[in-house]
Amino acid sequence: MKKLLLCLYILSLTACVRQQSTDFSLFTRQVEQIRQDYRNTGLALAIVKDNSVYYSEGFGNLTPQSLVRIASISKSFTGVGIMQQVEAGRLSLQDDVSTLLGFSVHNPLYPDTPITLEHLLSHTSSLNDTYSSIDDLNPALNSDYAQAYNTYAPGQGYCYCDYNITLAGTILERTTGERFDNCIRSHILRPLHIDGDYNLDSLDQKRIAKLYYVTLSDTTLVLTEATGAYNQSARFSPASGMKLSLEGLTHWMLFLMNDSIAVDMMRTRYPSYHNYGLTLLHSADYSDTVTLTGHKGGAYGMRSAFYFHPEEKYGFVVISSGALNSPLPAYADDEALRINRDSLYLPDGEGDTSIRVPLLRLMFKTLQK
């Protein structure tokens, strides 16, 4: 951890030098064209190469220091928090969640099959997002608790589910004796010098970026501020509530890329489309030949993503404050981008056509040149 902190400190000093020595003028033109096609309100982008920040820039209403609720990328912070406790011997990935929470957490169709901590972090618990409160899962408090479960046995199926991470966050609180946001702050954010938090009240309010829903009404562009984006809920939302800047998310990616605690998190637990590990997934959607590790997030008009190659030490970070869900490439056509649109604007394996998809592909192509 100490060596990594030194690495991150050096990166913070050298990032601007890297940019000054490289010509990103074509890349910037291409990014601006994508922004126009998506009617984007703001972007923050970073490229890491050889374990160093190669590029970091903001567009529109975002800067590299703007704080944004990064949605589902938040899960990886909860995952690392749990893995720290596993590393310290206070938890095991094979621990029965029933024992950890103090009441029966069993799929009623498979009452003899325990749901483990590993099942929660890999979305293989058989739970779904019917409920969001811990009490709703307790048979003694909710007679309809069975609705929270899918029909397959724990470990035998995959369902991406925020509820899994809400439970993991509660387990982290009980194990450490610390409130969830305080735990993440003291064990992860402060040691890594990452400027972010699950608790909105702990952040510089002037740096909180506005998020927007961007839609079309006939041919009229409509921007609606997502006023509910920063509401505190579900015990600071372990699955989606982290507020972070581009700089913070880039440093977080570097940590995951380099620290041994993330190695087991990257190992695939279930071969679904996501090839999910423990709060990290694998995707080949952004290159024809390379599979990257990371996560994406989306809520309240915001779209985010970070993906990296742990062996070759490069990666990409995208944060968008608002954009159309699909491009409308009908005006201000840039010749340099036009020849790439057919490949850049293809949907990913989930059918996602949001702005993060072409940007990740563009950054990958730019890095490979």
Side-chain angles (χ1 to χ4, degrees), residues 8 11 14-15 18-19 22 24 26-35 38 40 42-59 62-64 66 68 70-76 194 242 244-258 262 266 274-275 279-298 302-321 323 337 340 343-350 352-369:
L8 295 179
L11 286 173
T14 60
R18 283 272 186 166
Q19 289 194 68
T22 305
F24 286 100
L26 174 59
F27 176 73
T28 299
R29 285 170 53 206
Q30 293 171 324
V31 169
E32 290 288 10
Q33 184 61 57
I34 291 174
R35 291 190 64 219
Y38 278 85
N40 171 251
L43 278 181
L45 304 176
I47 301 174
V48 165
K49 178 181 180 181
D50 298 329
N51 235 11
S52 296
V53 179
Y54 186 57
Y55 176 89
S56 180
E57 192 61 76
F59 302 80
L62 293 185
T63 72
S66 299
V68 175
I70 59 170
S72 286
I73 292 176
S74 307
K75 292 176 173 65
S76 59
I194 291 178
M242 174 62 76
L244 207 62
S245 68
L246 177 74
E247 287 183 348
L249 185 51
T250 303
H251 283 184
W252 181 239
M253 182 175 73
L254 282 161
F255 165 74
L256 294 172
M257 196 186 301
N258 288 280
M266 297 181 200
H274 285 142
N275 288 306
T279 66
L280 292 173
L281 56 85
H282 304 284
S283 176
D285 282 327
Y286 312 112
S287 161
D288 294 335
T289 58
V290 177
T291 296
L292 300 175
T293 299
H295 214 290
K296 59 184 179 180
M302 188 282 311
R303 295 294 181 268
S304 61
F306 76 103
Y307 284 96
F308 60 92
H309 197 295
E311 291 79 27
E312 297 189 18
K313 306 303 180 186
Y314 66 80
F316 316 98
V317 183
V318 177
I319 301 175
S320 165
S321 63
L337 179 66
N340 294 320
S343 60
L344 292 179
Y345 286 1
L346 288 173
D348 70 9
E350 290 183 303
D352 182 11
T353 57
S354 71
I355 192 170
R356 65 189 161 202
V357 175
L359 287 169
L360 286 164
R361 289 175 178 152
L362 176 63
M363 287 193 287
F364 185 91
K365 290 176 182 291
T366 299
L367 185 66
Q368 298 306 308
K369 290 180 180 178

If you compare all heavy atoms of [X] against all heavy atoms of [Y], which two are closest, and at what distance to 0.1 Å?
{"X": "G298", "Y": "A71", "value": "N-CB, 3.4 Å"}
{"X": "P64", "Y": "G58", "value": "CD-N, 3.8 Å"}
{"X": "E312", "Y": "H309", "value": "N-ND1, 3.2 Å"}
{"X": "A305", "Y": "L360", "value": "CB-CD1, 3.8 Å"}

For a 4.5 angstrom cut-off between non-hydrogen side-chain atoms, does [X] reach [Y]?
{"X": "S76", "Y": "L280", "result": "yes"}
{"X": "V68", "Y": "S321", "result": "no"}
{"X": "F255", "Y": "I194", "result": "no"}
{"X": "T366", "Y": "Y54", "result": "no"}
{"X": "F364", "Y": "I47", "result": "no"}
{"X": "L367", "Y": "K49", "result": "yes"}
{"X": "I70", "Y": "F306", "result": "no"}
{"X": "L45", "Y": "E57", "result": "no"}

Does the side chain to side chain contact (heavy atoms under 4.5 Å, CB included) test come out yes or no for L246 and L62, once each step is laid out? CA-CA 9 Å; L246 177 74; L62 293 185; over 6 Å; no
Would you check if the distance from the ring center of Y38 to the ring center of Y345 is below 6.0 Å? yes
Spell out, as yes or no, whether a donor-acceptor pair under 3.5 Å connects the side chain of H295 to the backbone of S74. no
May I ask you to decide if K313's main-chain N or O and N51's side chain share a donor-acceptor pair within less than 3.5 Å? no
Other residues, nucleotides, ligands: >12 heavy atoms within 6.0 Å of K365 NZ: no
Candidate list R361, R356, K296, test salt bridge (charged side-chain N to carboxylate O under 4.0 Å, His left out), partner D348, passing option: K296
Go through it in stages, so that I can follow the logic: the residues are S354 and R303, the test is side chain to side chain contact (heavy atoms under 4.5 Å, CB included), and I'd like the CA-CA distance, side-chain angles, deciding distance and then a yes or no. CA-CA 8 Å; S354 71; R303 295 294 181 268; 4.1 Å; yes
If you round to the nearest 0.5 Å, how far is [atom2] of [Y] from [atom1] of [X]?
{"X": "L362", "Y": "S343", "atom1": "CG", "atom2": "OG", "result": "9.5 Å"}
{"X": "M242", "Y": "S72", "atom1": "CE", "atom2": "OG", "result": "13.0 Å"}
{"X": "L359", "Y": "S320", "atom1": "CG", "atom2": "OG", "result": "8.0 Å"}
{"X": "T279", "Y": "K75", "atom1": "OG1", "atom2": "NZ", "result": "9.5 Å"}
{"X": "M253", "Y": "Y307", "atom1": "CE", "atom2": "OH", "result": "12.5 Å"}
{"X": "L254", "Y": "L249", "atom1": "CG", "atom2": "CG", "result": "10.0 Å"}

Candidate pair F59 and V31, rule side chain to side chain contact (heavy atoms under 4.5 Å, CB included), full reasoning: CA-CA 9 Å; F59 302 80; V31 169; 3.8 Å; yes
Show the numbers, then the answer: is there a side chain to side chain contact (heavy atoms under 4.5 Å, CB included) between V357 and D285? CA-CA 8 Å; V357 175; D285 282 327; over 6 Å; no
What I want to find out is whether E32 reaches R29 closely enough, with some N-O distance under 4.0 Å, to be called a salt bridge. no
Check the orientation of F27 and Y55. Use parallel for under 30°, tilted for 30 to 60°, and perpendicular for over 60°. perpendicular
